[in-house]
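Here the structure is a predicted model, which is why all the values come from computation and not from measurement. These numbers come from the heavy atoms of this one structure, side chains and all, not from hydrogens, waters or symmetry mates.
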Amino acid sequence: MNESILERIQSNAKALKIDLYTAELASYADEKELTPEALEAICGVFE
């Protein structure tokens with residue numbers, strides 16, 4: 001399976017019972033100009 005980083009973050013958040021949606025995260029990432037490295041760090045937190 002080839003999940004995007006946003007899908008991985010959403011999946012990990014869901015496992016923690018946190019409502020976090022890909023569209024919201026994408027909007028936030030765009031607004032804050034998050035780098036791919038920053039998104040990987042966020043993913044690591046939820047893992």
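For residues 35-47, the set of pairs meeting the salt bridge (Lys or Arg N to Asp or Glu O under 4.0 Å) definition, not counting sequence neighbours, comprises Arg8-Glu40, Arg8-Glu47.
Looking at residues two or more places apart in sequence or on another chain, you find no side chain to side chain contact (heavy atoms under 4.5 Å, CB included) involving Lys17. With sequence neighbours excluded, no residue forms a side-chain hydrogen bond (donor to acceptor under 3.5 Å, both in side chains) with Ser11.
Through side-chain heavy atoms spaced under 4.5 Å, either directly or across other Ile, Leu, Val, Met, Phe, Trp or Tyr residues, Val45 is tied to no other residue. As a member of the Ile/Leu/Val/Met/Phe/Trp/Tyr network built from side-chain separations under 4.5 Å, Tyr28 groups with Ile5, Leu6, Ile9, Leu16, Ile18, Leu20, Leu25, Leu34, Leu39, Ile42, Phe46.
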